[in-house]
Amino acid sequence: MKLNITTKIVIGFVLGVVIGQILYSTTDAETAKSIADKFQLLSRIFLKLIKMIVGPLVFATLVVGIAKLGDFKAVGRIGIKTLGYFYFATILSLTIGLVVVNITKPGSIQEWPRPAAGTTTGVEGKKLNTLEEFILHIFPDSAFKALADNEILQIVIFALFFGVALGAIGDKGKGLIKALDSLSEVVFKMVGYVMQMAPFAVFGAMTAVVSAKGLSILVSYAYLLVCFFGGLLFFIFVVLFAICTVMRIPFFKLMAHIKDALLLSFSTASSEASLPQQIKALEKFGISPRIIGFVLPLGYSFNLDGSMMYMTFATGFIAQAYGITLTLEQQVLMLLQLMITSKGIAGVPRASLVVIAGTMASFNLPLEGLALILGIDPFLDMGRSATSVAGNAVATAVVAKWEGEYDPERAVPVEAEL
């Protein structure tokens, strides 16, 4: 019997956990780390290959979609609707993170060993950028530099101008549109090749994570994990489900289509890893490629729902662990600050921790408190990456519904796809 990619990823995940735990139990920390680094090479290669593909894929699909539309006003209308939904989802996710941490109180429920003052965490706080700096960063100095650096937001801006201009020249641009259409098909074919490595990447990633900390860390952090993952599940199966119900989008069919993308992002702790896979899945769900090519790449800079929840949850947890009470006014201010500082950070290594560090500095919370969550952060990252994938899928479906570009009749049944 031929195994599908989902089954292979699950097998890689389980084997990684088992071998990682064996390494943790039978070798010293230094040896385990040395062996784990070699296993993690598989994961790093896979993520590099995905990043190699993402830039050209976003550019080609978005340019073709806009060129075929050929209407700058329509692009502006879709952009306003998309950003409006993103900020709505951001407020919801940040608020839910605050509510969950205030109700469950994971920092107060048990005694946490406070790291010594001045403990190095390896994470520096991200200073609040001025509005001018943020706006300037959106626009690329060079299209080639944006592609080389994988600056998705800058690639989207260049693709917008290029697509509108290509559509405006009419028949003269048809040859180039056809060429870019073919380019996107070539890149998708490359995705198929790269995805064959996904189970090995998941195996390497899980072996590295578990061998470094061992599964025993899950026991000491069990309540924290239950609280955070409970909040993530509430966001997906209550909040996102409610949004889909209001918009008359079949939520469980949507989740069934993106299940492989969810599993891959959870296993590799990277929402970006599943972007090419998610594009194909949403097309099979019945959403037009033009909407997918525009909304989804923007979502990876503006709509990381899982990371948003984590920022308020983790900050609240650290404050509780130190016995510091944040007033309602301070929590509202924190929410507003995170709405601004969290945008456009996708691509920054350990982006969530960087923004959390900056927020802690603003509210005089001890930065060494980050050490409390560093050990468990790789496990938490799995949940928030998968949640961000689910959030972006719903965002794309909502905008497509608003624009009349979601056609259930075009959807490929999941059974037929398998």
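Everything numeric here is computed off the predicted structure, so don't read it as measured data. Count residues from 1 along the sequence.
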Step by step, work out the side-chain contact (heavy atoms from CB on, under 4.5 Å) result for V100 and F228. CA-CA 8 Å; V100 170; F228 183 63; over 6 Å; no
Contact check, side chains of [X] and [Y], non-hydrogen atoms, under 4.5 Å:
| X | Y | value |
| --- | --- | --- |
| Y223 | T104 | yes |
| T312 | V101 | no |
| S211 | I35 | no |
| R384 | M311 | no |
| I373 | Y310 | yes |
| V398 | F88 | no |
| I9 | L264 | yes |
| P366 | I324 | yes |

Worked check of side-chain contact (heavy atoms from CB on, under 4.5 Å) between T31 and S34: CA-CA 5 Å; T31 305; S34 174; 5.6 Å; no
When you compare the side chains of S274 and S265, does any donor N or O come within less than 3.5 Å of an acceptor on the partner? yes
Between D149 and Q154, do the side chains contain a donor N or O and an acceptor N or O under 3.5 Å apart? no
Please determine whether a side-chain nitrogen of the Lys or Arg among K8 and D260 lies less than 4.0 Å from a carboxylate oxygen of the Asp or Glu. no
Measure the [atom1]-[atom2] distance between [X] and [Y] for me, rounded to the nearest 0.5 Å.
| X | Y | atom1 | atom2 | value |
| --- | --- | --- | --- | --- |
| L240 | D305 | CG | CG | 6.5 Å |
| K284 | I258 | NZ | CD1 | 14.0 Å |
| L296 | N303 | CG | CG | 10.0 Å |
| L254 | L282 | CG | CG | 6.5 Å |
| Q330 | N364 | CD | CG | 8.5 Å |
| F266 | D381 | CZ | CG | 10.5 Å |

Under 3.5 Å, side chain of [X] to main-chain N/O of [Y], donor-acceptor pair present?
| X | Y | result |
| --- | --- | --- |
| S388 | G306 | yes |
| H257 | V412 | yes |
| R410 | G286 | yes |

Please name the pair of heavy atoms, one in [X] and one in [Y], separated by the smallest distance, quoted to 0.1 Å.
| X | Y | answer |
| --- | --- | --- |
| S108 | Q320 | OG-CB, 3.6 Å |
| Y85 | A395 | CE2-CB, 3.3 Å |
| M308 | S93 | CB-OG, 3.2 Å |
| T61 | S184 | CG2-CB, 4.0 Å |
| G55 | I155 | CA-CD1, 3.8 Å |
| G299 | N392 | CA-OD1, 3.2 Å |

Derivation and outcome, side-chain contact (heavy atoms from CB on, under 4.5 Å), residues Q278 and S271: CA-CA 10 Å; Q278 199 177 2; S271 53; over 6 Å; no
Kindly determine whether F86 and L83 satisfy side-chain contact (heavy atoms from CB on, under 4.5 Å), including the steps that lead there. CA-CA 5 Å; F86 286 167; L83 292 178; 4.2 Å; yes
Can you tell me if CG on D28 sees more than 12 non-hydrogen neighbours from other groups inside 6.0 Å? yes
Please say whether more than 12 non-hydrogen atoms of neighbouring residues, nucleotides or ligands are located less than 6.0 Å from NZ in K81. yes
Quick check, are the ring centers of F46 and F200 under 6.0 angstrom apart? no
Residue of the set F251, Y406, F252 for which ring-ring contact (aromatic ring centres under 6.0 Å, His included) holds with F285: Y406
